[in-house]
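I have placed the structure first, in the form of structure tokens, so that the comments after it can refer back to it.
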Protein chains: 2
Amino acid sequence: MSEPRRLTTRGAQRRAQLLEYATHRFAQTGYHPTSITDIVDGIGVGKGVFYWYFDSKETIFEEILRGAQKQLRTAQQLATAGTKDPIERLAQGVRASVIWSASNPDLVTLFDFAQTDERFSNLVRAGRTVLINDTAAVLREAIKARRIPPNDADLLAYAILGVSTQLTMVHFQKQEKSPQTIADVVVQFCLQGIGARQPTSV
Amino acid sequence: MSEPRRLTTRGAQRRAQLLEYATHRFAQTGYHPTSITDIVDGIGVGKGVFYWYFDSKETIFEEILRGAQKQLRTAQQLATAGTKDPIERLAQGVRASVIWSASNPDLVTLFDFAQTDERFSNLVRAGRTVLINDTAAVLREAIKARRIPPNDADLLAYAILGVSTQLTMVHFQKQEKSPQTIADVVVQFCLQGIGARQPTSV
DNA sequence: CAATATCTTGACCGGTCAGTCAATACTGTT
DNA sequence: AACAGTATTGACTGACCGGTCAAGATATTG
């Protein structure tokens, strides 16, 4: 295909169906072990259908990643919109990130893999850099306002990301903890970690 | 091969050479994209040599993982041996973990991948559980001694792991920060995160 | 009702890969 | 030197995979 195609309603649906099913299979079985044949067989169409809507296995995976990154960032922006206090914004952003991840295990799985594959690691890094910059900006605000002690904002942002992703993984492995519980622990740990005066209620 | 073979000195060396080179290639190129042919060609031997020393691509990878897990745990135990104070032990363990990771980027890369592959995720999880239990035990000590507020020790341990791994990744991506600097930030963030009274010198 | 664009089929192609194996070389022992 | 266990070779097998394409089905438009 290559150039953007004109899609009928039917075509747009088929394309969305391929994206959704491929996401699931990639997350379930892994990117490399999942063949295009697996995907089209699973949907019950011929192999050519896949190549009518996508250039390659690589590009569909990239599109899935980009979509997921956009989703996550939007969720964060929505959660923090309208809040002024930097510490509050931070807590809300972290909470939104944990909740979104808990609701999208397949996409989180794909992020994890993509990070380990040379073909996609740059894309993942780029998307993550955006999130880190968002977080670091809030942290710098907080430092300026003397709400937290001065420190390398980027490193703190990465630390917060690390806590979030790791504890989200725990939620996937042992269902017992609800996403809210996890989010509470993440927020508390991170606010204390950056040296915020009070764990702002929680 | 299957059953443990009797190896001559030469054989043991060849086996070690395969392990080392395979580790490097898997980390560099990825597990799936690296073929057995790539490995034996890189060493300059025939394909049969590989299957003389290992059952399959899967088993050599598992052996690499197990070895790395053992290495990391040993490093931690060595670092914390002889220290009584739980907070001190925690800090030393974290520091050792960061330093080890920084010195073994290939193995860290393999951990990351293995986690994302159904074939190996159980093994990774098992090894990580051991480390988590070690850390959680120290945390429980600290809670009992009222050095930190009561909290779910396992969750805290995972949070600490998350900070360590994420900031280690930062070190890999931007060389500018030394492992020691990274370790300092990790220790500070985590001690504050768990609510330890004073960031014990640092 | 053509004519045109969108969509679908599935056999096929060139290539790669994990793993096998019979033949051969090496090494130490008696 | 003869023997046996260890080590190495590399062509070969069977399977699979990403991607192509000519042919045909379906929908849209003038």
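Because only heavy atoms are used, hydrogens play no part in the values below, and waters and symmetry mates are left out as well, while side chains stay in. Chain letters run A, B, ... following the sequence lines, proteins first, then strands; residues in each count from 1.
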Item to complete: Ignoring backbone atoms, test whether A:Tyr53 places a side-chain nitrogen or oxygen under 4.0 Å from the OP1 or OP2 oxygen of C:dT6.
Response: no
Discussion item. Can you identify which nucleotide, out of D:dT9, D:dA27, C:dT6, has its nearest atom closest to the B:Val45 side chain?
Written reply: D:dT9
Fill in: Partners passing salt bridge (charged side-chain N to carboxylate O under 4.0 Å, His left out) against A:Lys177 (at least two apart in sequence or in another chain)
B:Asp152
Item to complete: Quickly work out the A:Arg15 CZ to C:dT8 C1' distance and round it to whole Å.
Response: 17 Å
Practice prompt. Report, as a single string ordered 5' to 3', how protein heavy atoms within less than 4.0 Å touch nucleotides 15-20 of chain D: B base, S sugar-phosphate only, - not at all.
Written response: --SBBB
Item to complete: Would you please say whether a donor-acceptor pair under 3.5 Å links the side chains of A:Arg25 and A:Gln28?
Response: no
Worksheet item: OP1 or OP2 of C:dA5 less than 4.0 angstrom from a side-chain nitrogen or oxygen of A:Arg6, does that happen here?
Response: no
Side-chain atoms of residues 37-49 of chain A: list all donor-acceptor pairs with protein atoms under 3.5 Å, sequence neighbours left out, distances to 0.1 Å.
from, atom 1, to, atom 2, distance (Å)
A:Asp38, OD1, A:Ser35, OG, 3.4
A:Asp38, OD2, A:Ser35, N, 3.1
A:Asp38, OD2, A:Ser35, OG, 3.3

Discussion item. Does any part of the side chain of B:Ile132, heavy atoms only, come nearer than 4.5 Å to the side chain of B:Thr135, both counted from C-beta?
Written reply: no
Fill in: Phosphate-side-chain proximity, B:Trp52 and D:dA7, N/O vs OP1/OP2 below 4.0 Å
yes
Practice prompt. Please work out if B:Val49 contacts a base, only the sugar-phosphate, or nothing of the nucleic acid, heavy-atom cut-off 4.0 Å.
Written response: base
Worksheet item: Can you check whether A:Arg10 has a side-chain N or O nearer than 4.0 Å to OP1 or OP2 of C:dT6?
Response: no
Worksheet item: Is any side-chain heavy atom of B:His32 less than 4.5 Å from a side-chain heavy atom of B:Phe113?
Response: yes
Fill in: Distance test, side-chain N/O of B:Thr8 to OP1/OP2 of C:dG28, below 4.0 Å
no
